[in-house]
Amino acid sequence: MTDPDQYKLIRRRLLTWFDRNARDLPWRHTQDPYAIWLSEIMLQQTQVETVRDYYTRFLNRLPTVHHFAKAPLDTILKLWEGLGYYTRARNAHKAAKQVTQEFGGEFPSTLEGLQQLSGVGRYTAGAIASIAFGVRAPIVDGNVVRILCRIFCLHGDPTTSSMQKRLWALASDLVPVKRPGDFNEAMMELGATVCHRQSPACELCPLKPMCRACQQGIQMDLPERVKRRPRPTVQVAVGVIYKRGRILIDKRPPEGLLGGLWEFPGGKKKSGESFRQALKREVREELDIEILVNKKLVVVDHAYTHFQVQLHVYVCEFVSGEPQCLACTDIKWVLPSQLARYAFPTANRKIFPVLLRG
DNA sequence: TAAACGTGGAG
DNA sequence: TCTCCAAGTTT
């Protein structure tokens with residue numbers, strides 16, 4: 001069979017399968033480019049089931065790109081709280097402003113136009129163009145990588161530029177003129193529900209007849225695994241600092257890890273230093289205040305992508321000084337009942353129940 | 001090019 | 001408990 005014939009077969013079988021097996025997802029009930037864009041940003045490196053509720057909440061609260069653009073970043077971050085990769089939220093805010101200010105309130109419909117938006121790369125531009133505008137644009141996400149590597153038996157590290165080039169070229173050849181968005185969604189759907197990383201359900205796969213990896217019985221070995229670096233553990237001292245029933249919280253710098261989120265003050269423990277010493281030092285360095293460190297409240301373990309932290313949380317009493325923003329953007333004294341108004345990282349939120357109970 | 005960037009679910 | 005990894009982008 002020639003390549004074009006095989007491509008036609010793949011398209012037809014995949015779309016037929018998709019028509020019968022597509023999950024009912026909220027963003028599949030709309031044609032609104034804003035809603036499609038929002039879903040695609042949220043779905044970056046994030047599973048469907050995690051995104052569902054966030055997506056619905058966002059659209060109810062910010063029904064148009066104008067609402068999104070006009071909302072304060074703090075509102076966006078509070079809605080995004082817990083979804084992770086907060087750069088996405090900050091970039092989305094910028095992108096919404098771009099749409100309203102530079103594109104006359106309409107999302108661009110071309111790949112080039114879409115990729116000008118903050119947080120929209122090659123994948124997301126292709127997804128929006130094909131799904132919202134019917135453009136014959138390819139996409140390559142983790143699912144597509146897995147499916148293509150298996151169907152065409154592609155060996156080698158899929159993250160290298162040469163392999164990426166092959167994958168994008170294949171995806172580009174495969175995506176049909178008719179229903180390009182459905183085809184792209186179908187590829188991802190197949191990867192998410194059938195062609196799993198471990199234990200792929202080949203018996204349920206519409207592409208089994210043309211899957212070279214399956215024919216050779218090596219589907220589990222493709223795509224080739226990328227070696228990961230070890231994750232170091234960081235020891236952090238955290239203070240819940242009280243002053244007349246209120247707690248001191250600070251806002252992190254706008255860029256970098258957890259940028260723009262609120263947190264309880266603290267910092268890394270140095271070797272040879274106790275947690276209590278570290279806490280007093282960090283609070284002095286970052287806020288220029290003196291505190292009394294009382295009892296240990298809780299120890300929180302949390303894993304990030306590239307390191308793990310152990311938060312040693314202490315109840316503290318404010319002693320003296322006026323808090324300064326030396327390593328943060330904003331400072332507030334809040335009642336425990338008001339904590340929920342602010343966007344906190346998940347590791348910090350793990351402290352809330354202990355706090356409100358005690 | 002490689003590293004930074006969150007979180008929750010699955011095995 | 002631990003490792004992998006999921007609809008990637010930016011620097």
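Reminder, nothing fancy here: chain letters follow the sequence lines and each chain counts from 1.
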[atom1] of [X] versus [atom2] of [N]: gap in Å, rounded?
X	N	atom1	atom2	answer
A:L25	C:dA7	CG	P	12 Å
A:I41	C:dG8	CD1	P	11 Å
A:L261	B:dC5	CG	P	13 Å
A:Y54	C:dA7	OH	P	18 Å

Check: B:dG6 base within 3.5 Å donor-acceptor of A:T305 side chain: yes

base_contact_polar (B:dG6 base, A:T46 side chain, donor-acceptor, <3.5 Å):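 Such a pair is found, so the answer is yes.
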
Hydrophobic cluster mates of [X], side-chain heavy atoms under 4.5 angstrom, ILVMFWY only, any path?
X	value
A:F275	A:I241, A:L248, A:L279, A:V283, A:L287, A:I289, A:I291, A:V293, A:Y314, A:F318, A:I331, A:W333
A:V319	A:L292
A:I218	A:L222
A:L335	none

At a heavy-atom distance below 4.0 Å, what parts of [range] sit against DNA chain C?
range	value
residues 78-89 of chain A	none
residues 164-180 of chain A	none
residues 31-39 of chain A	none

Interatomic distance, A:I249 atom CD1 to A:L339 atom CG [nearest 0.5 angstrom]: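 So the CD1 of A:I249 and the CG of A:L339 are separated by 6.5 Å.
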
Short N/O separations, protein against nucleotides 3-5 of chain C, under 3.5 angstrom:
residue, atom, partner, partner atom, Å
C:dC5, OP2, A:R228, NE, 3.4
C:dC5, OP2, A:R228, NH2, 3.0

Comparing A:T160 and A:L257 on DNA chain B - which has the more 5′ nearest nucleotide: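 It is A:T160, whose closest nucleotide lies nearer the 5' terminus.
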
Sugar-phosphate only, base, or nothing, as touched by A:I128 at under 4.0 Å among non-hydrogen atoms: nothing

Residues that A:V299 engages under side-chain contact (heavy atoms from CB on, under 4.5 Å), provided they are two or more places apart: A:K296, A:Q310, A:H312

Tell me, please, which residues at least two apart from [X] pass side chain to side chain donor-acceptor pair (under 3.5 Å).
X	value
A:Q44	A:T124
A:R225	none
A:D157	A:T159

Same-atom distance (C1') from C:dC5 to B:dC5, integer angstrom: 15 Å

